[in-house]
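I have placed the structure first, in the form of C-alpha cells, so that the comments after it can refer back to it.
Given the structure is predicted, the values throughout are model-derived calculations rather than measurements.
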Amino acid sequence: MDRRSSSVWSYFTIKDNINAKCDICHKDYSYKSTLTNLKKHLSSRHFIFLKQEQSLNETQPRIDTSNIDDPPTITHSVNSSFTSLQSINSVPGTSQQTLLTDPAPSNLNVFSEIRTGQSQMQSENNLKAHKRKQLSIASYIPKKMTVNMKKEIDQSLLKLITKDYQPFKIVEDKGFKDFVKMLNPNYTLPNRHSISKEYIPASYEKCMNEMKALVLKEAEYVCLTTDCWTSRNNESFMAITIHFVDSNFLLKSVLISCSPFNESHTSINLSEQIKKSIEEWNLEGKIELAVSDNASNIKNALSLLQLKHLGCLAHTLNLVVQSALTLENDLIDKVKTIVTYFRKSTVANNKLRTYQINNGINEPKKLLQDVQTRWNATYYMSNRFIELEDSIRGTMGLLDKAPQSLNSDEWSLIKELCIVLRPFEEATKAVSGESYMTASIVIVLAQGLLNTCKKILTMEFNKRTHIIIKKLIDNMENRDVWKNVDKSKTLCRCTFLDPRFKNIPFSNNPSLSETTKNDVTEKISNIIYLERSNQTNYGEDQDQPQYISVDTTSNALSIWDTIDTSVAKLTPSGTSKSRAIIEVQRYLEDVAPSLTKLCVTRWSESHKALRKYYENFLLIVEALEYLKVNGNKDTSLKATCHLNSVTTSQFIVCLRIIAKYSATIEPITNSLQGINCDLFSANKHIKDLIKYISDDRANNEEMFLILMKDINMYLNELGITLMTPRVSSKQTLRNNPPSSGPEDYYRKSIYIPYLDSLITSLNERFPEDNSKYEIISVHPKYLKQTKKEEFIIQLQNLKSFYGEFIENIEEEGLVWYNMWKEKNDDNMDFLKLLDEVTFLPSIKKCILIAATLPSTTCSVERSFSSLKRLKTWLRSTVTENRLNGLALMNIYKTFVQAQKSNIIDEAIKLFAMEPRRMQFLFNDQ
C-alpha cells in the first residue's frame, strides 16, 4: 500500500528504498529516512519552496469515493459529526444494518439534499436494493489520495491552463471548485500562486529538458526558421524553431526560443540572439538551412553565422499580392469602410443578421475585417463580402447613416478580384503546413501560380482586373526569390525526391532536369561509398571466423564452394556511382500509386476508381492510420471515421467482388464512348461478357473460394478477423440466409445477389433482339464472316425494323453479298463505301444509317460539359446566344481552326450590321 503523503512526492518518483528521481530534471537523489534532501533540491535547483503543510490526505473531506455518483440513501437527518466506529460495530451483522441510527458525516449533506426531492417509492426501492447486500466497514472509510493520482490530476489541471489558455484564477472560482469537488472530493485544488510559481515553472523546465534530450538524440541535421514580431503593446519578440526528421521518419518541430528582443534589430544583434540559442541547444554544425523573410537585416545576420539562407515563400506571396492590390486601394478602402460600419454599429449588425434569417439562412454570418499583418486577410474579407452581397445591399437600403455602397461595376470588380486571389490563398495555405514537408512543393506552386495568372489573363475580365493580373505576373517574374526559385539546388533536390513530382516539374527545362538528376545521383553515390567504407572498417575490427584453408588452385572439392558462390551472387557489384545511377533510374521508373476520383456521372472513371482503390487498399489504410495519429484535429477525425468504415470484413469482401467485375466491364465501357465504335463487335462482346458472368454464377462456390484467397490476404495483413454482421432474432431489413460460416454467409448474402443483379441489368439493357445493330452487318468486314442463309435472315430483320425506308433491301443485299465475296479490300470506312453503292439505293441508305448511328449519348454529354465550363468562367456576363455560340466553337475546335479566316470575316459583317450607339465626332453628310 502506498503510504506516501508529503507534497514532495508530487515532484519525485521513487526508484528504490534509498533513491528517488526528480520528475523535472530526471536526476537521482537520496532520501533515506527524511525528505529534507529532496526539499532542498526543489528549492535550490527549481525554486520550488514547499510550505509546512499537512499530508495530502490529512485535510481531505472524508467521503466514500467508491460510490460518489450514487451514495447510499440516508433516511434521517444528517448531523455534523462522523459516525464512530463503536456505533458502527454495535450494529448487528444482519440485514438491519442498513437502517443506521447513528448520525452520518456532515460532508454528505449535499447528497442528502439531492435525495430529499425524490419520491418515497424510489427511497423504498433503494432500501430494498441495499438490503440485498450487507455493507462493510470499508464503505464508510474514505479512500486516500495517492501521490500518483494527485500527479495525474495536477497535470490535467496544467493542461487546462496551458493548452486552453485559462487564467490562473480559475482555481479560485467557486463554481470550478464545486465542479472539481463533485468529480473527486479527495482532491484539493492548488491556489493560483502555487500554479504560477511552482507548477508552471516546473512543467516548463521538465518540457525543456525533454526537448533537449530529444534534439540531442534524434536531430542529426536540422533546418532553422526565425521571425520577429511586435505586440500591440509595442513589445518586440523573436522566435526560433528547428525542424528535423527522427529515427521513425516523423517530422518534428521544436520551438527552441521565444523571448523578448528589446534591442535594435540590426544584423549583429539578431545574429547574437540566434547564436545564443544555437549554443544553448548544442546545434553547432547541425543546421543545414535557415528560413526567414527576405529583410536585409535577418539575411545579413544569417550570413554572419555562415548559415545558408532560404527566403520564406509565404512572405513573398503576401508581398506580391499586397503590391498588386495597391492599384485598387480606393475600392478596398471602400469595402473596409462598409465592413467597419457593420462591425461597430449594433443596429446595422442586427439588421444584417435579421435580413439573413428572413431569407432562409439558418446560421447568419458576420463580415470579416482586413488585417494588414495577416496573410490572405484581404481575400477573406472580399470573399465574405461577396458571399453576403444580397444581405448587404438589402440592409444598407434600410439604414439612415450607412456609408456609400458599391456600384455595379465595383461589385463586379470585387468578384473578379476574389477569383484572381483564390489561387494565392490556396498556395499560402499549402506552403504553411506544419505536419508535412513543404520545400518540395515550392517550385510546383511557383510554376502553378504563374501559369494560372497567365490563364486568367486570357479570360473576359474587367480592364482594371487585367491590370492587377499583369502587376501580379510582373511581381512574380521580377522578384529575386521567385525568379531564382528553380536555381536553388536544395529546392530542386526536394522536388526531385518527392515521389509525387520526381522530374515532372522540370519537363519544360531538360537541362535543369538532367542537372538535378546528376546532383541527386552524386549525393547518393557519396552515401553508398560511405556505407561501404563503414562496413569495411567494421568488418576489420570484428573477430573473423577461422575457416580451414582450402587450396583453390587444385581440383579438390571444397565445402565452402556453395556458400561462396551464393555470396558472390548477392554481393553488389559495380562502383558507387553505377549503383547510384541504377537506383535513381529505378526511382524515376517506379510509378507512384494514384487514385481516381469516383464520379457517378463518368461511367468509365467509376470502374477505374474502384479498381485503383482495391489495388492500393493496403497503402490507403496505412496512410489513414498515419493521418489518424499525426494529422491535425479535423484531418485526424476524418481519417478515423474513414478507417473505421473500410477496415471491416463486409467492406473488404464487397470491395473485392465489385473491383473484379468492374475491371471486366471497364474495357467495353471505354470502347462504347469512342467516336468510331464498332457496334456489332461491341454487342457481341457484351453477350460474351454476360455468358462469362453467368458461368461464374453457376460455379459460385469455386469462384468465391478464389476471391476469398485475396480477401484473406488483406484481412491477415490488417489483422482483421472474418466475421459476419450481428444477427438478431428478427431481421426485416437484412439478408440473413442460413450459412455454415462467414465465407458461406458472404457468398450467399453478397456474391450471389450481386451477380444476379449484374446479369439481370445487362440482359435488360442489351436484349437478344439486336436488329437495330444488324445494319452494321452490311459492311464487307462482317459480310464475309457471315453465311448466306444467316445474311438473308439479317436482311429480313432489317426490313421489318426499318420498314418501307429500305423496301428493296433483300434483293439489293444479295447483289451486295455476291459482289464483296470476291473482293479482298474489306477494311474500308463506311463513308468510303458510298462510292460502291451508286446502283444500290437501299444499301446506300443502310450505310448512311450505320455511319451516323451513335452507340451512346457521350457526344451530347460532352457538349454539356463544354457549356458548363464556359458558364463557370464567364458567369452571367454573356447572353444566351453568345454563350451557345462559344460552346459550339469550343466543341468543334478543329472546324473553327480550319475555317478561321472565313469565320472572322462573317463576324465582322454581323458586327457592322448592328446599329451603333457610339457618337462619332465627324459624319459623312
Side-chain angles (χ1 to χ4, degrees), residues 408-409 412-413 415-420 422-423 447-448 450-474 508 601-602 604-605 670 672-677 828-835 844-845 847-925:
S408 58
D409 292 337
S412 177
L413 180 59
K415 291 177 184 177
E416 292 174 354
L417 284 180
C418 287
I419 296 175
V420 174
R422 188 175 293 117
Q447 294 176 353
L450 195 59
N451 293 333
T452 302
C453 287
K454 291 179 180 178
K455 188 182 295 184
I456 296 176
L457 193 60
T458 61
M459 297 167 57
E460 281 195 15
F461 276 168
N462 192 297
K463 290 182 178 180
R464 294 163 65 180
T465 306
H466 279 169
I467 293 173
I468 292 177
I469 298 171
K470 291 178 181 178
K471 181 68 173 177
L472 288 169
I473 295 174
D474 292 339
N508 296 328
T601 60
R602 295 183 180 271
S604 61
E605 292 296 320
N670 295 333
L672 288 173
Q673 294 187 68
I675 298 176
N676 299 320
C677 178
M828 298 175 63
D829 188 70
F830 264 111
L831 295 179
K832 293 182 180 180
L833 289 174
L834 294 175
D835 298 333
K844 182 177 181 179
K845 291 178 181 178
I847 292 174
L848 288 173
I849 293 172
T852 57
L853 180 65
S855 59
T856 65
T857 59
C858 292
S859 56
V860 70
E861 294 282 351
R862 293 189 184 99
S863 67
F864 293 150
S865 300
S866 299
L867 189 66
K868 180 181 178 182
R869 204 159 45 239
L870 291 168
K871 191 70 175 175
T872 302
W873 284 107
L874 299 177
R875 303 179 312 286
S876 301
T877 59
V878 295
T879 60
E880 191 68 24
N881 291 334
R882 187 181 180 190
L883 184 64
N884 293 335
L886 289 171
L888 291 173
M889 291 177 68
N890 182 270
I891 296 166
Y892 300 104
K893 293 178 183 177
T894 55
F895 176 78
V896 171
Q897 290 295 330
Q899 303 291 331
K900 187 175 181 180
S901 58
N902 295 334
I903 292 174
I904 293 175
D905 292 339
E906 291 293 328
I908 293 174
K909 290 179 182 178
L910 291 173
F911 182 76
M913 292 172 60
E914 293 290 331
R916 305 285 294 177
R917 292 180 294 175
M918 184 182 297
Q919 296 296 327
F920 291 99
L921 188 61
F922 302 100
N923 294 325
D924 293 336
Q925 292 182 354

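- R422 meets the salt bridge (Lys or Arg N to Asp or Glu O under 4.0 Å) test with no other residue; sequence neighbours excluded.
- Residues passing the side chain to side chain donor-acceptor pair (under 3.5 Å) test with N902, sequence neighbours excluded: Q899.
- Residues that satisfy the side chain to side chain donor-acceptor pair (under 3.5 Å) test with T465, not counting sequence neighbours, are E416.
- By the salt bridge (Lys or Arg N to Asp or Glu O under 4.0 Å) test, K454 is found to be paired with E477, residues two or more places apart in sequence or in another chain being considered.
- The line from SG of C453 to CD1 of I468 is 11.5 Å long, rounded to the nearest 0.5 Å.
- Under the side chain to side chain contact (heavy atoms under 4.5 Å, CB included) test applied with L457, the options I469, V420, T452 reduce to a single match, I469.
- From L413, atom CG reaches atom OG of S408 across 11.5 Å, with rounding to the nearest 0.5 Å.
- Side chain of H466 to backbone of E460: no donor-acceptor contact under 3.5 angstrom is found.
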